[in-house]
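Note that these values count all heavy atoms, side chains included, but never hydrogens, waters or copies made by symmetry. Computed from a predicted model, the values in this text were never measured in an experiment. Chain identifiers are assigned alphabetically (A, B, ...) following the order of the sequence lines, protein sequences preceding nucleic acid strands; residue numbering begins at 1 within each chain.
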Amino acid sequence: MAGTADSAGRASTATDMPTAYRAPEVEPGIYRRWLEADVFDPDGAGSRADWSKPPFVITQPPPNVTGALHVGHALTAAIEDTLIRRARMQRHPALWVPGVDHASIAAHVVLDKVIAEEGETRQSLGRERYLERMWRFMDETRNVIAEQHYRLGVTADWRRLRFTMDEGSARAVRVAFKRLYDDGLAYRGERLINWCPGCRTSLSDLEVVANPTEGTLWHVRYHFVRDDGSIDPDQTLTVATTRPETILGDSGVAVHPEDDRYREAIGRRVMIPFVERVVPVIADSVVEREFGSGAVKMTPAHDQTDFETGRRHGLAVIDVMTDDGRINELGGPYAGLSREEARQRIVAALEERGDLVAAMPHEMVLGRCQRSDDVVEPRLKTQWFINVKPMAEKALAAVREGRTRFVPQRFEKVFFDWLENIHDWNVSRQLWWGHRIPAWYCIDGHTTVSDEEAGPSACAGCGRPASELVQDEEIFDTWFSSGLWPFSTLGWPDDTEDLRRFYPTTVMETGYDIIFFWVARMMMLGEWLTGREPFSVVYLHGMVRDPYGAKMSKTLGNVVDPLGVIRDIGADALRFALINGTTPGADQRLGESRLEGARNFGNKLWNAARFVLGARPPGIAADAGLALPEPAQLGPAEHWILDRCARTIAAAETAYGAFQLGEATRLLHEAIWSEYCDWYLELAKATLSDEQAPIERRAATWRVLVWVLDRYVRLLHPVMPFVTEAIWQRLPHTDSDPD
RNA sequence: GGGCGGUUAGCUCAGCUGGUCAGAGCGCCUCGUUUACACCGAGGAUGUCGGGGGUUCGAAUCCCUCACCGCCCACCA
């Protein structure tokens, strides 16, 4: 502590600096002072923003309400805070808009568990009470994750904190949807969609994850039906299928038009077993002659290819499933069974009949629900879709024209490929928690879309009063409101001052894993609705993995808990470790050793500062270190360190400017530790302690020490804000210096 | 089936548009209580930069090819 003396009887410090820097103990206090200084808001009382400079704006990827802060959030926050702090130090009006996402499906999963403990279910509560319960749950949890960001030293503008379910966002959703509807891009139609029987909702293509599976390819014989309707016992057609249970929904068999084996079969009819349905054999070139038997059973209600092929040939679409994944009443003897059970029984029955020709192991890809892992069932449903093609064109143009660029650039190709082959977006979800679709229907089947909170006053088709209209029960895909985020958080659709000043935003910083889910949607919706690209740079970071390269997960028990790390060694160490390990677009591994190294670095810096401040030669004013001495006073060592310092500043600035944050910290680590501490500090000790040396010499040495330290502390501040702040506060400086 | 990324010291990784790039951290070995720091210092060992070919005065860095590893996308049932 200040004022204590060490064993040599020398005042341990002329500075009030404790020997050991205890980050976890000092960080919260420093953060509080930043908050009190009101510097996070560019309009705040403590803001030193120079409004003649272009604003620097980041919209935080809103973490899910339901989640606890994990290391991925910490990386996101560390990078964004680094960028924002740099911009702020350069006096740009720097705005970082924080937010929280309502996470529709994820929130349902969590709340369902909570109410289960209370002995309730979604169904038992009913929609209204369930949503009331959800809002109560939100009130409890909504700010938790935001507040956890305080610990990281995040300087987002908390005054502008937003929630994807707040009124502003709700209005943006309504207005956006109405615009898309009026523009003819949003439509309701019956299409084959991805159905999750576990979540009991439709899913977008992105929410279905392809899962390579060792399945079985069953070869099944279908019997031909004679013209008189009787079954031909001798003539059969063998089809190959991986899903025998869908036989119940078959409405045809397809062969390749030029397949000589089946020329005779085309136009004839076969009998679908169990449901005793007579269906045609059609010819279509989608059929691969070499695969299986060369004949494919057609189940238009449960297979995308079959659906399209069936449509070309006028085949019936027979949905044989229920919402929870069982065989429905159209499944004849198998009605009521689960998909899996029905499959087993059908295979057994086919075998018994002698119609199972073969069953061979088969590598296949199974679509599973991203959330629940249930096998996704293609089904025919009436849903809301958005024709995203015209929007995709605009988003593509923004990147082609360089109005938005990706870091690293290679992701532009991924972005192009996806947008160039994009399909319509199924945006309606059969859930309760989320933005309800602002569409109303009348008894005559007219649809009225309204952006008014109260809904339409009358039917747009027939003028029926609102009292006779019924609102759509369904809600939007969570990503619809997220897609509006960069502008809805700034006040869109209103023409607000924030929107005018801060939109388009500057950098969208997020993980490469949500380019399609989020980045592409923001680009499309932003271009279409605001006429501008929502951000000029997309910076993509990688995943944080465990020391062995495995994905971190609670079940594996290999997670690095950011809050735990902060409690142990401080936020600076966590931030430095993450930033130092990051390369744009690349994954990194994080473990104990990297964190310790980062902690040691902070400590090293602290101790160097402690030495420098305590080594001021007698007779030298404390603020003498503000300016460099006359060149004549400099020795070779001073020339060397100043040269090194200048080069490091230039290199670090270049790296920071190119979003090479890891490179910047590596340069600073090297310069501070290996050059400044190991060499210059040691050489300076000799000069400073040399009683014979002229006082000017000693003063010059000390001033160089302070000057260089000040430069390095500033350069490092965006990454390690706490120690650098603690040190800088003790360095001589004037009020005009950036904080 | 397409596409992308990786393969550099024992481990984890930097090395952007070819010539102080053969590096860092951690680990390892030897020494060290000298006015910051043992969360430290001084010194040291370890690599034909995945294989092969090419371009060049010169390549870890550019081109071709092969081999593994990883990821993303994809309507062969």
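- When the P atom of B/A14 is taken as reference, atom CD of A/Q588 falls 10 Å away, rounded to whole Å.
- Taking atom CE of A/M298 as the reference point, atom P of B/C76 lies 13 Å away to the nearest angstrom.
- Of the residues in residues 283-296 of chain A, those placing a heavy atom less than 4.0 Å from an atom of RNA chain B are A/V287, A/E288, A/F291, A/V296, in numerical order.
- One N or O on the side chain of A/H302 and one on the backbone of A/V320 form a donor-acceptor pair closer than 3.5 Å.
- Remark: the separation of the P atoms in B/C37 and B/C49 is 43 Å, to the nearest Å.
- Across all non-hydrogen atoms, the minimal contact from A/A295 to A/T238 is CB-O, 3.4 Å.
- Across the P atoms, B/G19 and B/U61 are found 11 Å apart, a figure rounded to whole Å.
- Applying the salt bridge (Lys or Arg N to Asp or Glu O under 4.0 Å) test to every pair with at least one member in residues 236-246 of chain A, sequence neighbours left out, gives these pairs: A/R243-A/E245, A/R243-A/E377, A/E245-A/R343.
- Nucleotide B/A77 has no partner under the Watson-Crick or G-U criteria, as no pair reaches both atom distances under 3.5 Å.
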If the sugar-phosphate is the primed atoms plus P, OP1 and OP2 and the base is the rest, what is the B/S/- string for nucleotides 3-12 of chain B, using protein heavy atoms under 4.0 Å? SSS------S

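- Spacing of C1' atoms, B/G23 relative to B/U8, comes out at 10 Å, to the nearest Å.
- A distance of about 12 Å separates the P atoms of B/A36 and B/G41, rounded to the whole Å.
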Just by protein heavy atoms under 4.0 Å, how would nucleotides 38-44 of chain B read 5' to 3' in B, S and -? -BSSS--

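- Taking the ring centre of A/F416 as origin, the terminal cationic atom of A/R400 falls inside the region bounded by 6.0 Å and 45° from the ring axis.
- Regarding contacts with the backbone of B/A77, a side-chain N or O of A/H362 is found under 4.0 angstrom from either OP1 or OP2.
- Distance check on atom P: B/U65 versus B/G3 gives 12 Å, rounded to whole Å.
- Side chain of A/N607 to backbone of A/N603: a donor-acceptor contact under 3.5 angstrom is found.
- In this structure, the CD atom of A/E670 is 13 Å from the C1' atom of B/C21, given to the nearest Å.
- In this entry B/A42 has B/U30 as its Watson-Crick or G-U wobble partner, both defining distances falling under 3.5 Å.
- Atom C1' of B/C13 sits at a distance of 15 Å from the matching atom of B/C21, rounded to the whole Å.
- Within the 3.5 Å criterion, the main-chain N or O of A/F722 finds a donor-acceptor partner in the side chain of A/D572.
- Taking the six-membered ring where tryptophan is involved, the planes of A/W673 and A/F601 are essentially parallel, since the angle between them stays under 30° and well short of 60°.
- Residues in residues 657-672 of chain A take part in these salt bridge (Lys or Arg N to Asp or Glu O under 4.0 Å) pairs, two or more places apart or across chains: A/E663-A/R666.
- Under the 30°/60° scheme for interplanar angles, the aromatic rings of A/F659 and A/Y539 are found to be tilted.
- Nucleotide B/G25 forms a pair with B/C11, judged by Watson-Crick or G-U wobble geometry with both contacts under 3.5 Å.
- Straight-line distance between the P atoms of B/G5 and B/C16: roughly 14 Å, to the nearest whole Å.
- Ring-plane geometry between A/Y512 and A/F411 is classed as parallel, the angle between the planes falling under 30 degrees on a 0 to 90 degree scale with a further cut at 60.
- Rounded to the nearest Å, the gap between the C1' atom of B/A42 and that of B/U34 is 12 Å.
- The salt bridge (Lys or Arg N to Asp or Glu O under 4.0 Å) contacts involving residues 574-595 of chain A comprise A/D81-A/R575, A/R545-A/D587, where partners must be two or more places apart or lie in separate chains.
- Rounded to whole Å, the distance from CG on A/D587 to P on B/A14 is 10 Å.
- The base-pairing partner of B/G5, taking Watson-Crick or G-U wobble contacts with both distances under 3.5 Å, is B/C69.
- Between the base of B/C75 and the side chain of A/T305 there is a donor-acceptor pair shorter than 3.5 Å.
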